[in-house]
Structure formats: structure tokens, C-alpha cells
Student: 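So that we are looking at the same thing, I have put the structure below in C-alpha cells.
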Number of protein chains: 2
Amino acid sequence: MNLIDFLKNIVPFTPEELADITAHFERENISKNNTLVREGQVCTKLYFVKKGVGRSYYLKEDGKEVTQWFFIEGKFMSSIESFFQQTPSLYYLEVLEESVLYSITRENLDLLFARYHNMEKLGRLLSTEMLTRVVNKLNAVQFQTARERYDYMLTEFPYISSRVPLGSIASYLGMTQETLSRIRRGDTSKKI
Amino acid sequence: MNLIDFLKNIVPFTPEELADITAHFERENISKNNTLVREGQVCTKLYFVKKGVGRSYYLKEDGKEVTQWFFIEGKFMSSIESFFQQTPSLYYLEVLEESVLYSITRENLDLLFARYHNMEKLGRLLSTEMLTRVVNKLNAVQFQTARERYDYMLTEFPYISSRVPLGSIASYLGMTQETLSRIRRGDTSKKI
DNA sequence: TCCACTATTTGACATAGGTCAAAGGAAAGC
DNA sequence: GCTTTCCTTTGACCTATGTCAAATAGTGGA
């Protein structure tokens with residue numbers, strides 16, 4: 001997914017706006033398993049994923065990683081709260097595959113927000129879209145069985161299960177790796 | 001909390017902008033236990049809660065109500081997804097106390113978004129703020145024990161526990177009313 | 001003030017999913 | 001082609017929280 005096409009699909013930017021906006025992004029090629037942000041750091045960039053997969057996660061006291069979100073092609077990726085509030089990140093942000101990202105700094109983004117009414121609109125629309133997604137996940141996690149949550153995930157991130165380790169998916173879904181493994185095996189009716 | 005003060009605190013609107021914006025809101029006095037939106041209806045308005053408390057909830061197949069969110073004084077309230085995507089609401093929206101709301105329709109809000117760059121900014125900021133809150137709840141619900149979730153709720157909605165029925169809070173927290181009751185009793189260490 | 005509801009608490013018991021430990025598989029480096 | 005390490009599966013057992021049912025406590029209305 002191309003950044004320009006992505007932007008055009010959401011808000012009817014003029015060609016001049018598009019040119020100026022994309023000029024503020026920088027292409028970055030990131031190799032597999034690279035960490036972009038660590039816990040405690042302030043996240044300075046917002047990334048558009050042109051190719052690859054990323055995830056945000058945090059460490060529980062016992063040292064276990066808990067996946068917070070996956071970021072696939074054609075989505076923006078960041079430690080959102082840290083980036084927007086400029087506070088230390090609670091999360092790690094990492095790339096799980098060889099990836100191509102387009103990044104923009106907070107200052108440049110603010111500049112574009114201030115410069116273009118359309119840009120502000122883009123921000124609002126993307127933010128409400130993300131809000132909807134998070135609410136969906138919340139409902140899945142809060143009120144569904146482990147198996148139903150797995151089904152939810154397949155709709156939210158269709159192809160991810162073959163691309164990322166099972167443990168990352170399990171913690172994203174709020175279950176253990178063992179449980180997810182048993183679900184995948186497919187013993188539906190029997191007790192898991 | 002006054003609507004004008006609330007708006008001014010977030011974005012530096014001009015007095016003219018503020019006057020025009022607030023002129024598009026309508027005051028509504030709603031009596032206790034009134035339902036504003038039903039499942040399947042498209043939610044036509046966004047409400048600012050000047051006084052009172054509201055909540056959104058949905059009905060599970062077995063007929064049990066599950067609280068999705070509480071809306072307290074000084075917050076915007078709506079069946080958000082329905083309002084912004086103009087799709088049938090998955091949720092009921094109701095007022096739990098005698099309340100004073102300021103409402104705006106989708107058309108008027110879009111008009112203001114289009115008219116004022118600052119308004120678009122307000123939308124973006126409120127949306128990211130809400131996103132942060134939902135993410136916090138998600139983390140609480142997904143990885144904390146029933147007791148910890150209760151503590152989380154006390155920070156998110158400090159005074160709500162005395163204002164709304166225990167069952168509504170329990171389902172908001174993803175636990176049964178019995179469990180919440182036992183937590184409140186305070187048998188911390190012993191098995192609940 | 002009493003009644004009729006509705007909301008909350010309590011107890012006994014059931015279970016989904018977690019924990020711990022170990023065994024297979026797959027994959028990366030040499 | 002081996003070795004080492006990591007990832008996934010499996011089994012046995014455990015626990016937090018759910019379910020069901022009944023007992024109390026609160027509350028608004030007549």
C-alpha cells in the first residue's frame with residue numbers, strides 16, 4: 001500500500017497538499033526483529049507501514065511480553081499515547097519482519113496539522129477509526145471465550161497468524177500460548 | 001462543567017467561533033433512566049454531559065446487559081461508532097440520573113468541522129483522548145485480576161460507584177455482580 | 001408506615017483457562 | 001549435516017471466577 005494512495009482514499013487532498021505532506025515523511029528500511037521504541041523512551045515518530053508487520057507490547061512484572069497491537073501493511077504504527085502526549089512509552093514497538101516504513105516526526109506532523117485543515121481531518125478520521133478497532137477488541141477480550149477471541153483476531157488481522165509467533169498472538173488475545181495452541185488444534189467441543 | 005469552558009480548555013477558539021459552535025448545540029433535560037438510543041437505531045446526536053451520568057450497554061444473547069462505557073459530567077457521550085459511521089447502533093445509550101445534556105446533530109457537527117479548522121482539531125484531540133482511555137481499559141480488562149480492575153475503575157470514574165447500580169459496574173469490568181460484591185466486601189487475600 | 005420491587009450479599013459448587021514441566025519440531029548458525 | 005536455540009504441542013493438575021439459588025437489605029410508591 002502506497003502512502004499517497006492511502007491518504008487520498010481518506011481525505012480529498014489537493015495534489016499540492018499531498019506533495020507537501022509526503023515530503024515530510026522519510027523512508028526507512030528496517031530489518032527483522034528491530035526495536036523502534038523501548039519502554040520509558042518518548043516515541044518521536046509516527047510510522048506508516050508500507051511493507052512488513054510491527055507490534056507493540058509491554059513487559060509484565062514477571063517479564064512476560066504482552067502484545068498490545070499488531071500493525072500491518074497500510075496502517076499507521078506508533079506507541080500512540082507516547083507519541084501524541086510526548087510521555088515516556090509504556091510499550092516497546094518492534095518490527096517482526098523485514099519492513100519498509102515511512103516516518104514523520106511529531107514536529108512535522110504538528111506543522112502539517114496546523115497548515116492544512118484537511119490534514120487535521122485526516123488525523124481525526126484515523127483516530128476515530130482506531131478507536132472503533134480498539135473498542136471491538138475490548139468487546140472481544142472482555143466477553144468472549146478464548147475460541148471466539150481467536151475468531152475475532154482472524155477477522156481483524158487475517159493473515160497474521162502465519163507471520164508472527166504464536167506466543168505473540170496468544171498474549172494479544174489475553175490467553176496463554178498453551179491455550180491458543182489447543183484452540184488451533186481444533187478440539188472445539190471437548191474441554192480445552 | 002460548562003460547554004464553553006470545556007471547549008476553550010482544549011483548543012484556543014476565538015470568541016466568534018465559540019459563539020457559532022455553541023449556537024449549534026441544544027440543551028436537553030433528560031429524566032432518570034431515559035433511553036436515548038436503542039440497539040439498531042442510528043445515533044443522530046452527540047451529547048455533552050453538563051450534569052448527570054450516562055452509560056452505553058448492549059444485550060448479550062442471554063439478555064444480560066453489558067455496560068460498555070460510563071459518561072460523566074464534562075464528557076461527550078454517544079453511541080460513538082453509530083454516530084460517526086451512521087450505522088445502526090450495537091448499543092443502548094441511557095441516562096442514569098436526572099441529567100442536563102447539550103446535543104448536536106451529525107449534520108451540524110460536520111458543518112462545524114468543515115467551517116473551522118480549530119473544530120477539526122478539537123475532534124482529533126477528543127478522539128485521541130478517548131482512544132487512550134479505551135486502551136487503558138483494555139489493558140485492565142485483559143491482564144488484571146478482578147480486584148485490580150476494580151481499582152482501575154475507581155481511578156477512571158472516581159465517584160461513580162455510589163451513583164450507579166453494582167450490576168452495571170460489574171459488567172463494565174467484565175465480571176459478575178457477585179464477584180464485585182465479594183471484592184467490595186474486601187476479602188482481599190482469601191480466595192474470592 | 002407498610003408493601004412490592006429491586007438491588008446486594010452470601011454460600012455451595014462447577015469450569016474455563018492458567019501453571020508447570022517435559023517432549024517434539026523447526027530453524028539459524030557454523 | 002550437525003548443534004544449539006527457539007517455538008509449539010501435550011499432559012496433569014490448580015485456581016480464579018462463574019453459575020445457580022436463596023437470604024437480606026434498600027427504596028419508591030400507595
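No hydrogens, no waters, no symmetry mates; every other heavy atom, side chains included, goes into these values. Note on naming: letters A, B, ... go to the chains in the order of the sequence lines (proteins, then strands), and numbering restarts at 1 for each one.
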Student: Salt-bridged, Glu120(A) to Arg124(B), with N to O below 4.0 Å?
Tutor: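 Answer for the salt bridge query: yes.
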
Student: Taking only N and O in the side chain of Thr176(A), is any of them less than 4.0 Å away from OP1 or OP2 of dG18(C)?
Tutor: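 Yes, because at least one side-chain N or O of Thr176(A) sits under 4.0 Å from OP1 or OP2 of dG18(C).
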
Student: List the residues meeting side chain to side chain donor-acceptor pair (under 3.5 Å) with Ser79(B), not counting sequence neighbours, and say none if there are none.
Tutor: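 With sequence neighbours excluded, Ser79(B) shows a side chain to side chain donor-acceptor pair (under 3.5 Å) to Ser89(B), given in chain and number order.
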
Student: Restricting to salt bridge (Lys or Arg N to Asp or Glu O under 4.0 Å), what partner residues turn up for Arg133(B), sequence neighbours left out?
Tutor: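 If we apply the salt bridge (Lys or Arg N to Asp or Glu O under 4.0 Å) test to Arg133(B), skipping adjacent residues, the hits are Glu129(B), Glu156(B).
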
Student: Taking atom P of dT17(D) as reference, at what distance in whole Å does atom CD of Gln144(B) sit?
Tutor: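 Answer to the nearest Å: 11 Å.
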
Student: Just jot down the side chain to side chain donor-acceptor pair (under 3.5 Å) partners of Glu98(A), sequence neighbours excluded, or say none.
Tutor: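 Once residues adjacent in sequence are excluded, Glu98(A) has no partner under the side chain to side chain donor-acceptor pair (under 3.5 Å) criterion.
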
Student: Got a donor-acceptor contact below 3.5 angstrom from the Glu26(A) side chain to the Thr105(A) backbone?
Tutor: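 No; judged by distance alone, with no hydrogens or angles, the pair does not exist.
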
Student: Taking five pairs at each end of the helix from dT1(C)-dA30(D) to dC30(C)-dG1(D), what angle separates the two helix axes (nearest 10°)?
Tutor: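 Answer for the end axes of this duplex: 50°.
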
Student: Output all residues satisfying side chain to side chain donor-acceptor pair (under 3.5 Å) with Asn2(B), sequence neighbours left out; order by chain, then residue number.
Tutor: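 For Asn2(B) there are no side chain to side chain donor-acceptor pair (under 3.5 Å) partners, ignoring immediate neighbours.
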
Student: Which residues pass the side chain to side chain donor-acceptor pair (under 3.5 Å) test with Thr132(A), not counting sequence neighbours?
Tutor: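 Partners of Thr132(A) under the side chain to side chain donor-acceptor pair (under 3.5 Å) test: none.
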
Student: Please check if the side chain of Arg147(B) supplies one atom and the backbone of Ile183(B) the other of a donor-acceptor pair under 3.5 Å.
Tutor: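 Yes, the answer is positive, given that a donor and an acceptor are paired below the 3.5 Å cut-off.
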
Student: Taking DNA chain D as the partner, which of residues 149-156 of chain B come within under 4.0 angstrom of it by heavy atom?
Tutor: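 DNA chain D contact set from residues 149-156 of chain B: Arg149(B).
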
Student: Show me the pairs that pass salt bridge (Lys or Arg N to Asp or Glu O under 4.0 Å) and involve residues 78-91 of chain A, at least two apart or across chains.
Tutor: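 Non-adjacent pairs meeting salt bridge (Lys or Arg N to Asp or Glu O under 4.0 Å): zero.
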
Student: Pick from Ile4(B), Thr22(B), Asn118(B), Asp20(B): which one makes a side-chain contact (heavy atoms from CB on, under 4.5 Å) with Phe13(B)?
Tutor: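 The side-chain contact (heavy atoms from CB on, under 4.5 Å) with Phe13(B) is passed solely by Asn118(B) among Ile4(B), Thr22(B), Asn118(B), Asp20(B).
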
Student: Enumerate all atom pairs, one protein N or O and one N or O from nucleotides 7-12 of chain D, separated by less than 3.5 Å.
Tutor:
{"from": "dT8(D)", "atom 1": "OP1", "to": "Leu166(A)", "atom 2": "N", "distance (Å)": "3.1"}
{"from": "dT8(D)", "atom 1": "OP2", "to": "Leu166(A)", "atom 2": "N", "distance (Å)": "3.0"}
{"from": "dT9(D)", "atom 1": "OP2", "to": "Ser181(A)", "atom 2": "OG", "distance (Å)": "3.0"}
{"from": "dT9(D)", "atom 1": "O5'", "to": "Ser181(A)", "atom 2": "OG", "distance (Å)": "3.1"}
{"from": "dT10(D)", "atom 1": "OP2", "to": "Arg185(A)", "atom 2": "NH1", "distance (Å)": "3.2"}
{"from": "dG11(D)", "atom 1": "N7", "to": "Arg182(A)", "atom 2": "NH1", "distance (Å)": "3.0"}
{"from": "dG11(D)", "atom 1": "O6", "to": "Arg182(A)", "atom 2": "NH2", "distance (Å)": "3.3"}

Student: Over how many whole Å does the gap from Asn33(B) atom CG to dG28(D) atom P extend?
Tutor: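 So the two atoms are 11 Å apart, to the nearest Å.
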
Student: Give the rounded distance in Å between these two atoms: CZ of Phe143(B) and C1' of dG18(C).
Tutor: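 After rounding, the reported distance stands at 14 Å.
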
Student: Sequence neighbours left out, cut at 3.5 Å: what donor-acceptor pairs do the side chains of residues 64-77 of chain B make with other protein atoms?
Tutor:
{"from": "Glu65(B)", "atom 1": "OE1", "to": "Arg55(B)", "atom 2": "NH2", "distance (Å)": "2.4"}
{"from": "Thr67(B)", "atom 1": "OG1", "to": "Arg55(B)", "atom 2": "NH1", "distance (Å)": "2.7"}
{"from": "Thr67(B)", "atom 1": "OG1", "to": "Ser168(B)", "atom 2": "O", "distance (Å)": "2.8"}
{"from": "Thr67(B)", "atom 1": "OG1", "to": "Ser171(B)", "atom 2": "OG", "distance (Å)": "3.3"}
{"from": "Gln68(B)", "atom 1": "OE1", "to": "Ser56(B)", "atom 2": "OG", "distance (Å)": "2.8"}
{"from": "Gln68(B)", "atom 1": "NE2", "to": "Tyr91(B)", "atom 2": "OH", "distance (Å)": "3.3"}
{"from": "Glu73(B)", "atom 1": "OE1", "to": "Arg163(B)", "atom 2": "NH1", "distance (Å)": "3.4"}
{"from": "Glu73(B)", "atom 1": "OE2", "to": "Gly52(B)", "atom 2": "N", "distance (Å)": "2.9"}
{"from": "Glu73(B)", "atom 1": "OE2", "to": "Arg163(B)", "atom 2": "NH2", "distance (Å)": "3.3"}

Student: Is it true that Phe48(B) and Phe6(B) have ring centroids separated by less than 6.0 Å?
Tutor: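 Aromatic pair counts; centres sit under 6.0 Å.
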
Student: What is the separation between atom CZ on Arg163(B) and atom P on dA7(C), rounded to the nearest whole Å?
Tutor: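 Distance check: Arg163(B) CZ to dA7(C) P gives 18 Å.
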
Student: Enumerate the side-chain hydrogen bond (donor to acceptor under 3.5 Å, both in side chains) contacts for residues 36-51 of chain A, please, sequence neighbours excluded, ordered by first and then second residue.
Tutor: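 Checked against side-chain hydrogen bond (donor to acceptor under 3.5 Å, both in side chains) - neighbours excluded - the pairs reaching residues 36-51 of chain A are Glu28(A)-Lys45(A).
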
Student: Strictly under 4.0 angstrom, non-hydrogen atoms only: write out the protein contact profile of nucleotides 23-30 of chain C, one letter per nucleotide from the 5' end, B, S or -.
Tutor: --------

